[in-house]
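The structure under discussion appears below in the form of structure tokens.
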Amino acid sequence: MDGNERASFAEFVAARGQALQRTAYLLTSDWALAEDLVQTALSRAYPRWNHIVRDDPEAYVRRALVNTWSSWWRRKWRGEVPTEMLPEQAASDAFASSDRRDALRTALDRLPKRQRAIVVLRYHEDMSEAQVAHALGVSVGTVKSQASRALAKLRDDAALVGYGAVTAGGE
């Protein structure tokens, strides 16, 4: 591979790397595995780059991504392990708090920027309405109304269903 082809490959990775990473994450649901998947697909494309670049390099790399992921998935055994007796109690969910944080983060991401800022400052940073108003350069009334609207959206957000009621300041 000559210098121009290496530069072309580097430009492709710089331009499309994040999009490939997001696609890999959607396939694997794990950022670390997604990084490994993208790296594997790109390492398979690199030796053939002079042929790939003439056609549609993104389609080739995406196909390599999906094929690599499906081969990983096929290799992983997903069968059940039989036991003589069923457990009497369900095991505790070690990831419940992580799931709650992720659900809250997802719900907060759907709020408009100002409402998200007000909720974070008011309830996470435990600032008063006046402090939030001063920090954001808005009136106290705006803080109150935007916080009210944001909490109403959070209460109705499907991502938070099953995680208890969202309350204003723990009241």
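Computed from a predicted structure; not experimentally measured.
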Would you list the atom pairs, donor with acceptor, under 3.5 Å between side chains in residues 8-19 and any protein atom, with sequence neighbours excluded?
| from | atom 1 | to | atom 2 | distance (Å) |
| --- | --- | --- | --- | --- |
| Ser8 | OG | Trp49 | NE1 | 3.1 |
| Arg16 | NE | Glu58 | OE1 | 2.9 |
| Arg16 | NE | Glu58 | OE2 | 3.2 |
| Arg16 | NH2 | Glu58 | OE2 | 3.0 |

Please find the pair of heavy atoms, one from Ala130 and one from Val140, that lie closest to each other, and give the distance.
CA-CG2, 4.0 Å
Quick check on the hydrophobic clustering: are Val66 and Tyr46 connected, directly or via other members, by side-chain heavy-atom contacts under 4.5 Å?
yes
Partner residues of Thr28 under the side-chain hydrogen bond (donor to acceptor under 3.5 Å, both in side chains) criterion, sequence neighbours left out:
none
Residue set satisfying salt bridge (charged side-chain N to carboxylate O under 4.0 Å, His left out) with Asp102, at least two apart, ordered chain then number -> Arg105
Going by heavy atoms in the side chains, are Leu20 and Arg62 under 4.5 Å from each other?
yes
CZ-CG distance between Arg44 and Leu42, expressed to the nearest 0.5 angstrom
11.5 Å
Remaining members of the apolar cluster that contains Leu121, side-chain heavy atoms under 4.5 Å
Ile118, Met127, Val132, Leu136, Val138, Val143
What's the separation between atom NE2 in His51 and atom OH in Tyr60, rounded to the nearest 0.5 Å?
10.0 Å
By the side-chain hydrogen bond (donor to acceptor under 3.5 Å, both in side chains) test, which pairs, at least two apart or in different chains, include something from residues 134-143?
Ser139-Thr142
For Thr106, side-chain hydrogen bond (donor to acceptor under 3.5 Å, both in side chains) partners two or more places apart
none
Under the rule for salt bridge (charged side-chain N to carboxylate O under 4.0 Å, His left out), what residues qualify as partners of Arg110, not counting sequence neighbours?
Asp157
For atom CZ of Arg116, decide whether the heavy atoms of other residues, nucleotides or ligands shown that lie under 6.0 angstrom number more than 12.
yes
Going from CG on Leu154 to CG on Leu104, what distance comes out if it is rounded to the nearest 0.5 angstrom?
7.0 Å
All side-chain hydrogen bond (donor to acceptor under 3.5 Å, both in side chains) counterparts of Ser43, not counting sequence neighbours:
none
Please walk me through it: do Leu151 and Tyr123 pass side chain to side chain contact (heavy atoms under 4.5 Å, CB included)?
CA-CA 11 Å; Leu151 292 176; Tyr123 301 108; 3.6 Å; yes
CZ on Arg63 to OG1 on Thr68, rounded to 0.5 Å:
11.0 Å
Listed partners of Arg54 passing salt bridge (charged side-chain N to carboxylate O under 4.0 Å, His left out), at least two apart:
none
To the nearest 0.5 Å, how far apart are NE2 in His124 and CG in Leu108?
10.0 Å
Applying ring-ring contact (aromatic ring centres under 6.0 Å, His included), which residue pairs with at least one partner in residues 17-39 are found, sequence neighbours left out?
Tyr25-Trp31
Applying side-chain hydrogen bond (donor to acceptor under 3.5 Å, both in side chains), name anything that partners Gln146, two or more places apart in sequence or on another chain.
Gln115
According to salt bridge (charged side-chain N to carboxylate O under 4.0 Å, His left out), does anything in residues 19-41 pair up with another residue at least two apart or in another chain? List the pairs.
none
Within-4.5 Å side-chain heavy-atom neighbours: Leu26 and Thr23:
no
